[in-house]
Peer 1: 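Encoded as structure tokens, here's the structure I'll be asking about.
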Protein chains: 4
Amino acid sequence: MTTSTKREAQAQERRNQLIDVARRLFAEKGMERTSIRDIADAAGVAPGLIYHYFENKDALFWAIIERHNPLAEMTALFAQAETLPVREFMLLAATRGYALMGERQDLLRIVFHEALSRPEMLQRIRVLQQMGIALLVGYLNGRIAAGELRPHNAEATARMLVGSILALRLTGAPAEPYITDIIDNLLCGVAAP
Amino acid sequence: MTTSTKREAQAQERRNQLIDVARRLFAEKGMERTSIRDIADAAGVAPGLIYHYFENKDALFWAIIERHNPLAEMTALFAQAETLPVREFMLLAATRGYALMGERQDLLRIVFHEALSRPEMLQRIRVLQQMGIALLVGYLNGRIAAGELRPHNAEATARMLVGSILALRLTGAPAEPYITDIIDNLLCGVAAP
Amino acid sequence: MTTSTKREAQAQERRNQLIDVARRLFAEKGMERTSIRDIADAAGVAPGLIYHYFENKDALFWAIIERHNPLAEMTALFAQAETLPVREFMLLAATRGYALMGERQDLLRIVFHEALSRPEMLQRIRVLQQMGIALLVGYLNGRIAAGELRPHNAEATARMLVGSILALRLTGAPAEPYITDIIDNLLCGVAAP
Amino acid sequence: MTTSTKREAQAQERRNQLIDVARRLFAEKGMERTSIRDIADAAGVAPGLIYHYFENKDALFWAIIERHNPLAEMTALFAQAETLPVREFMLLAATRGYALMGERQDLLRIVFHEALSRPEMLQRIRVLQQMGIALLVGYLNGRIAAGELRPHNAEATARMLVGSILALRLTGAPAEPYITDIIDNLLCGVAAP
DNA sequence: CATGAATGAGGGTTCATTCAT
DNA sequence: AATGAATGAACCCTCATTCAT
């Protein structure tokens with residue numbers, strides 16, 4: 001029992017190691033430019049071993065995705081939304097989103113990269129993204145109902161916010177001053193009074 | 001003279017055909033998943049011929065990019081910016097940008113895809129993107145000077161606009177009602193008055 | 001332990017087999033006219049396997065050279081030079097050199113062939129050749145010092161000897177009577193007394 | 001008539017140009033590493049034109065060989081052999097041979113290169129070489145009959161001479177002092193008196 | 001005489017994957 | 001659990017050669 005448990009733990013560790021190594025390499029060079037041998041070398045194991053843990057390269061890819069789901073964290077963040085004024089919370093959420101995309105930047109690259117060339121990927125990505133937007137839309141509509149935001153199409157706002165943050169990351173732009181400016185623009189508008 | 005011109009014209013035609021075929025395939029499957037043979041087959045041509053027209057696969061890629069450069073059109077659009085009120089022109093520009101990304105959606109996929117995994121591509125693409133943003137920033141600062149927009153960081157606004165439109169395209173969302181809402185949000189803000 | 005050793009031994013054997021097969025084919029048709037597939041077929045092996053053992057075709061070439069380096073044997077021969085009179089030793093050395101070029105005739109063909117069209121090969125080969133000549137020059141100068149040969153430019157003699165033997169091999173001439181005649185000519189000259 | 005003659009002359013010129021260009025390139029990089037396109041580019045013509053003048057690449061190769069036969073010159077040289085003392089003439093012949101191999105060094109490279117990998121080439125080369133040796137043997141036997149050289153196997157001497165000179169060229173060694181030393185060694189021997 | 005578009009076989013090489021050990 | 005030898009298909013690219021113009 002104990003031994004088998006130890007074995008299992010060891011196996012789990014090895015599995016995670018392979019996932020992490022693969023994530024790094026995939027992010028650096030893209031999935032196709034990363035060979036199984038590259039991964040094996042970087043992990044210090046033989047190429048054959050990878051097939052002991054994953055059916056094939058694609059399965060390894062999905063394992064990476066599954067291991068890093070950012071939705072949980074975002075959900076937690078929105079749960080405490082009510083405790084802050086609108087502007088503060090939006091700043092917080094935007095900053096956190098920006099940071100998250102940074103922490104998982106390699107993942108972001110992988111996902112985007114693959115999503116753009118593999119329809120079945122795109123499908124799975126859109127589901128996630130839809131959930132993110134839904135979270136945001138829910139919050140915004142709550143604020144509208146509370147009279148803190150003027151009545152309007154919340155989905156457009158949500159898309160603006162996500163798109164703007166995403167664009168910052170994609171272009172390598174820094175968080176400040178852009179994030180603050182974005183939120184202020186969004187809240188107050190840029191038209192002359 | 002006539003003959004040589006005819007020959008040249010034919011060659012140009014063939015070149016364009018190859019570019020178009022490649023564009024389609026690259027967009028469908030990604031550049032790496034598209035083999036030279038795939039392109040040749042789709043064009044009804046021997047694989048070797050492609051190397052008669054393009055030095056290698058990468059050169060073919062850049063030929064695609066060059067053939068469809070949206071910058072010229074955008075520049076022309078901004079040249080007549082003064083003739084319209086702010087809101088009208090921004091709607092027009094956003095709509096045109098959205099449409100352009102649509103017409104060139106396959107191109108967009110290709111460019112994104114490659115940019116994400118090949119630093120030297122990212123470099124060249126950022127140059128283009130920077131020029132687009134500069135165009136927009138120039139316009140916005142003009143409107144600020146004219147007192148039509150309140151003084152603010154125009155670059156943040158430009159990035160919001162581009163990011164928002166891009167996000168629409170990437171998520172497959174329709175132009176309306178989003179574009180109008182986005183422009184209105186941007187101009188007037190979403191905060192309650 | 002035993003198993004890994006067996007594996008290693010097997011791998012070494014396979015490596016040597018590939019070297020030998022390649023040596024034969026390279027000698028028969030020249031390196032460029034021999035494809036990796038030719039080698040693989042002749043060895044009864046998949047083409048990819050060759051790249052498991054050698055980085056590329058060139059590396060395979062150098063592996064052939066390294067496996068059959070005649071310098072060690074020649075060095076050993078010259079170590080016992082003192083035990084024989086000049087004429088006997090020179091006959092022995094010439095005969096041994098002729099034999100060696102025969103045993104390695106295919107190698108000779110390969111080396112010459114490549115040396116003639118690839119500067120970087122010529123470079124590496126000249127180093128080897130220089131060492132051979134140096135060996136001979138050292139010996140000759142020793143004999144001059146010992147008063148057995150008249151004082152003269154030993155390098156010219158060394159080059160004559162090597163050139164003469166090489167020419168025999170290149171033209172397919174037999175060892176006898178040429179070698180004896182060559183040595184005698186070299187020692188006594190052909191001028192009438 | 002005149003026109004056709006002019007045309008013919010022009011054609012002959014073009015033919016020779018192609019031969020010369022090909023000779024240079026073949027010598028530089030070897031025949032296989034030189035493509036028809038390389039030759040065409042260097043000559044400033046279209047690839048197709050080469051096939052107007054030569055059936056294929058091999059025919060072009062043979063045309064090069066035929067255009068540059070060194071035998072005529074050597075025969076002329078030996079015709080005046082009697083006018084000089086042995087040592088002087090042998091020096092002259094050796095020097096001339098060395099020079100010839102230099103002038104035609106590129107040709108030498110080509111011939112050697114191809115001879116080593118193509119049996120039918122080797123055959124043709126050996127015929128030429130045999131004629132060269134025969135020329136030399138005839139001379140040497142004449143000198144022996146005249147009492148200027150001691151009676152001995154002239155063919156061995158001829159092979160020594162040719163081999164020595166060839167080795168100088170192949171190793172890139174300079175003419176002097178080697179040639180003089182070689183002739184002196186050959187005439188007087190290197191043994192202590 | 002001259003062009004250069006077009007062919008298609010074959011080159012070296014990479015790589016996901018399998019399997020005996 | 002782990003190895004690494006072995007496979008074979010596919011890749012990008014080169015090139016001698018042909019032929020309509």
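Keep in mind it's a predicted model, so treat the numbers as computed, not measured. No hydrogens, no waters, no symmetry mates; every other heavy atom, side chains included, goes into these values. The chains referred to below are lettered A, B, ... by the order of the sequence lines, with proteins before strands, and numbering in each begins at 1.
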Peer 1: In whole angstrom, what separates C:Gln12's CD from F:dG4's P?
Peer 2: 15 Å

Peer 1: For F:dA1, take OP1 and OP2 only and decide whether either is under 4.0 Å from a side-chain N or O of A:His52.
Peer 2: yes

Peer 1: Let me have a per-nucleotide readout for nucleotides 14-19 of chain E, 5' to 3', with B, S or -, counting only protein heavy atoms under 4.0 Å.
Peer 2: BBSBB-

Peer 1: Quick one: D:Phe61 CZ to F:dA16 C1', roughly how many Å, whole number?
Peer 2: 17 Å

Peer 1: Touch check for D:Tyr53, heavy atoms < 4.0 angstrom, all strands: base, sugar-phosphate only, or nothing?
Peer 2: sugar-phosphate

Peer 1: For the residue pair C:Ile50 and C:Ala40, what are the closest heavy atoms and their distance?
Peer 2: CD1-N, 3.8 Å

Peer 1: What are the two closest heavy atoms between A:Asn56 and A:Tyr51, and how far apart are they?
Peer 2: CA-CE2, 3.9 Å

Peer 1: Ignoring hydrogens and angles, tell me if any N or O in the side chain of B:Lys57 forms a donor-acceptor pair with the backbone of B:Ser35 under 3.5 Å.
Peer 2: no

Peer 1: Reading DNA chain E from 5' onward, which residue's closest nucleotide shows up sooner: B:Gly44 or D:Gly44?
Peer 2: D:Gly44

Peer 1: May I have the distance from D:Leu18 (atom CG) to E:dT3 (atom P), rounded to whole angstrom?
Peer 2: 10 Å

Peer 1: At their closest point, which heavy atom of C:Phe54 faces which heavy atom of C:Ala63, and how far apart are they?
Peer 2: CE2-CB, 3.7 Å

Peer 1: Check whether more than 12 heavy atoms from other residues, nucleotides or ligands sit under 6.0 Å from atom CZ of B:Arg37, and answer yes or no.
Peer 2: no

Peer 1: What integer distance in Å separates B:Ile39:CD1 from F:dA10:C1'?
Peer 2: 15 Å

Peer 1: Does a donor on one side chain sit under 3.5 Å from an acceptor on the other, for A:Gln17 and A:Arg14?
Peer 2: yes

Peer 1: Evaluate the side-chain proximity of D:Arg33 to D:Phe26: yes if any heavy-atom separation is below 4.5 Å, no if none is.
Peer 2: no

Peer 1: For DNA chain F, just give me the dot-bracket, please: Watson-Crick or G-U, both distances below 3.5 Å, ( ) intra-strand, [ ] crossing earlier pairs, | paired with another strand, . unpaired.
Peer 2: .||||||||||||||||||||

Peer 1: In whole angstrom, what separates B:Arg7's CZ from E:dG4's P?
Peer 2: 7 Å

Peer 1: What is the distance from CD1 of D:Ile50 to C1' of E:dC1, rounded to the nearest Å?
Peer 2: 14 Å

Peer 1: With a 4.0 Å cut-off on N to O distance, would you call D:Lys29 and D:Asp38 a salt bridge?
Peer 2: yes

Peer 1: Search all heavy atoms of B:Ile36 against all heavy atoms of B:Pro47 and return the closest pair with its distance.
Peer 2: CG2-O, 4.1 Å

Peer 1: Is the distance from OP1 or OP2 of E:dA6 to the nearest side-chain N or O of B:Arg14 less than 4.0 Å?
Peer 2: yes

Peer 1: How many whole angstroms separate atom CD of C:Gln17 from atom C1' of F:dA5?
Peer 2: 13 Å

